[in-house]
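Down below is the structure, laid out as structure tokens.
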Amino acid sequence: MQEDGVALEDIPAADLARLDEMSENVVGEVKFPLSCLTSALVNGKNWRIPMTTEEASVVAAANHGMSVFAKAGGVKATSQRDGIYGQIVLEVTEAFSLAGFKKEFPAYIKEANKEFTSLIRHGGGLKDLTARQEADLVYLLALVDPAEAMGANKTNAILEFLAQKMLAFPGVEAKLFAILSNYPSQLTTAKVAIPVSLLSKKGDLAEGREVAKKMALLAKIGSSDPYRAVTNNKGIMNGVDAVMLATGNDYRAVEAACHAYAAKSGEYRSLSSWKIAGEKLLGQVTLPLALGVVGGSISSRPDIRQSYAILGKIKAAELAELTASVALANNFAALSAISTKGIQAGHMRLQSRNVVQTLPASAEEKAAVYQMMISQGKYGETAAKNFLKELRGQ
Ligand SMILES: CC(C)(COP(=O)([O-])OP(=O)([O-])OC[C@H]1O[C@@H](n2cnc3c(N)ncnc32)[C@H](O)[C@@H]1OP(=O)([O-])[O-])[C@@H](O)C(=O)NCCC(=O)NCCSC(=O)C[C@@](C)(O)CC(=O)[O-]
Ligand SMILES: NC(=O)C1=CN([C@@H]2O[C@H](COP(=O)(O)OP(=O)(O)OC[C@H]3O[C@@H](n4cnc5c(N)ncnc54)[C@H](O)[C@@H]3O)[C@@H](O)[C@H]2O)C=CC1
């Protein structure tokens, strides 16, 4: 098969076979770049953080944000890895007693933890069970500490084990479902305090104060206007997804939880806040980051192992803290760009490298067109086509 100059025969058979074990109906491969942040100061330690994204300027923005944060003393991040939720919904008859059922919870927890001893060995396990009844349905919530893993598969196994046991309780007629919930959990917070002079390229205090004011106002708008909040959060997810992709984590699960968390008040809100205190701009983000450093496809993928080689030995809590810090850096860079030159200047300058690639032109012509786009500050497809015509004297 030949599509746009790419022959599937060019993909080594061994690579295709490996990919076919990761998913289904595999016919090829899609490549992403692996980037590395080099100046990330988080909790007093200098980290190298892998990022993977198809979007130009996301890594540059994270780099920019992290280098400003480093000058400000770095990011302080904390994580609460309490566990992830699982749900069991049971159909019950009139013979069922919720109070009697709850009395059995310590025994259910003990049995599950005896069955799933490998998780206990890693420091995790089933921590808690709670339940409520609505008519003939009983809603159970389980809290599972997945240790260093994301925990979806283990949690599902524990839930199915529990549901089977619970069928023996008087009045339990049937199991409706037993599956983990992606409801926000594993909350991680990252904070920075940036002297406002750092917001000016020249280190000018008055200019820095103006930028800080605009950034704080922009953030305030995100705390009440959903149109702005969702865009602000997209900028945050630029960083989160890039670290999730690079480290083999389930970005869909994290995305779903982050947006549920953004809507926890009943209205969709910004996930971050930026406020002025004296001569400092204070930034903060809290994100539900159910991620892991083992499990899933993490260990089986050589491309993902590159990222762990960059990170070095790392705990899941630390990876969550780095992810929230990158998210805050991306958010900072976007707000600072919007509050000063606008997003196009920085983003489109980098995105234009993609635009020139679509031109039916030689490599030399593409390079010349790119230079014309940068020097004249015109980054769109039409501008690129016009520059090509100009170059060819048409
Ligand atoms: C793009 C910059 C960083 C330019 O920033 P700049 O100040 O115009 O350019 P600079 O050349 O002076 O670079 C400043 C720093 O940026 C980094 N940097 C600069 N270029 C590179 C590069 N090629 N590779 C790696 N790092 C780079 C690097 O840290 C550099 O410092 P230095 O190392 O020179 O001391 C800035 O304009 C920026 O951060 N813009 C925001 C870009 C962005 O957020 N892109 C995402 C796409 S837009 C989006 O998805 C959502 C959004 C933005 O709408 C969300 C929202 O509205 O909130
Ligand atoms: N709704 C969702 O979010 C769902 C997600 N998934 C997928 O599940 C996958 C993640 O599942 P996991 O349960 O995390 O993976 P997994 O099934 O490979 O399990 C991780 C294993 O790691 C073990 N472990 C924990 N800490 C350890 C440590 N320190 N050292 C060695 N082993 C340790 C656990 O005991 C567990 O057996 C992801 O690929 C995700 O896409 C699957 C179903 C639903």
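Every number for a ligand or one of its atoms is a count from 1 in the order of the listing. On a predicted model such as this, the values are computed, not experimentally measured, just so you know.
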Got an N/O contact under 3.5 Å between [X] and ligand 1?
| X | value |
| --- | --- |
| Lys341 | yes |
| Arg228 | yes |
| Asn238 | yes |

Requested in this report: For the residue pair Ser39 and Asn46, confirm or rule out a side-chain donor-acceptor distance under 3.5 Å.
Outcome: no

Query - Short side-chain donor-acceptor distance under 3.5 Å, Ser79 and Glu321 - result: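 Checked: Glu321/Ser79 side chains pair up, N/O donor to acceptor below 3.5 Å.
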
Query raised in the report: Is the Phe105 ring parallel, tilted or perpendicular to the Phe101 ring (thresholds 30°, 60°)?
Result: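 Answer is perpendicular, since the angle exceeds 60°.
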
Requested in this report: For the pair Phe169 and Phe96, name the ring-plane relationship: parallel under 30°, tilted 30 to 60°, perpendicular over 60°.
Outcome: perpendicular

Query raised in the report: Hey, is Val59 one of the residues with a heavy atom under 4.0 angstrom from ligand 1?
Result: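 No heavy atom of Val59 comes that close to ligand 1.
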
Query raised in the report: Should Met66 be listed as contacting ligand 1, given a heavy-atom distance under 4.0 Å as the test?
Result: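 No.
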
Query raised in the report: According to the salt bridge (charged side-chain N to carboxylate O under 4.0 Å, His left out) rule, which pairs have a member within residues 231-252, sequence neighbours left out?
Result: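 Qualifying pairs: Glu55-Lys234, Asp250-Arg252.
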
**Report entry** Qualifying salt bridge (charged side-chain N to carboxylate O under 4.0 Å, His left out) pairs with a residue from residues 147-172, counting only residues at least two apart or across chains
**Finding:** Glu111-Lys165, Glu148-Lys315

**Report entry** Proximal ligand 1 atoms for Thr231, defined as those under 4.0 Å from one of its heavy atoms
**Finding:**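 Selected atoms, number and element: 54 (O), 55 (C), 56 (C), 57 (O), 58 (O).
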
Query raised in the report: With atoms numbered from 1 as shown, which atoms in ligand 1 lie under 4.0 angstrom from a non-hydrogen atom of Asn232?
Result: 58 (O)

Requested in this report: Could you tell me whether a side-chain N or O of Arg269 sits under 3.5 Å from a main-chain N or O of Ala262, the two making a donor and an acceptor?
Outcome: no

**Report entry** Residue part near ligand 1, for Ile338, under 4.0 Å between non-hydrogen atoms
**Finding:**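 The part of Ile338 near ligand 1 is the side chain, not the backbone.
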
Query raised in the report: Looking only at heavy atoms, is any part of Ala337 under 4.0 Å from ligand 1, and if so is it the side chain, the backbone, or both, or is it neither?
Result: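 Answer for Ala337: side chain.
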
Query raised in the report: side chain to side chain contact (heavy atoms under 4.5 Å, CB included) with Met66: which of Leu41, Leu328, Ile49?
Result: Ile49

Query - Summary of ring pair (Phe, Tyr, Trp, His ring centres under 6.0 Å) pairs that have at least one residue in residues 109-159, sequence neighbours excluded - result: Phe116-Phe161

Report task. Below 4.0 Å from any atom of ligand 2, which residues have a heavy atom? Give them in chain and number order, please. Result -> Ser118, Leu119, His122, Pro146, Ala147, Glu148, Ala149, Met150, Gly151, Ala152, Asn153, Lys154, Asn156, Leu180, Asn182, Asp250, Arg252, Ala253, Val294, Gly295, Gly296

Requested in this report: Return a yes/no value: protein heavy atom under 4.0 Å from atom 29 (O) of ligand 1?
Outcome: yes

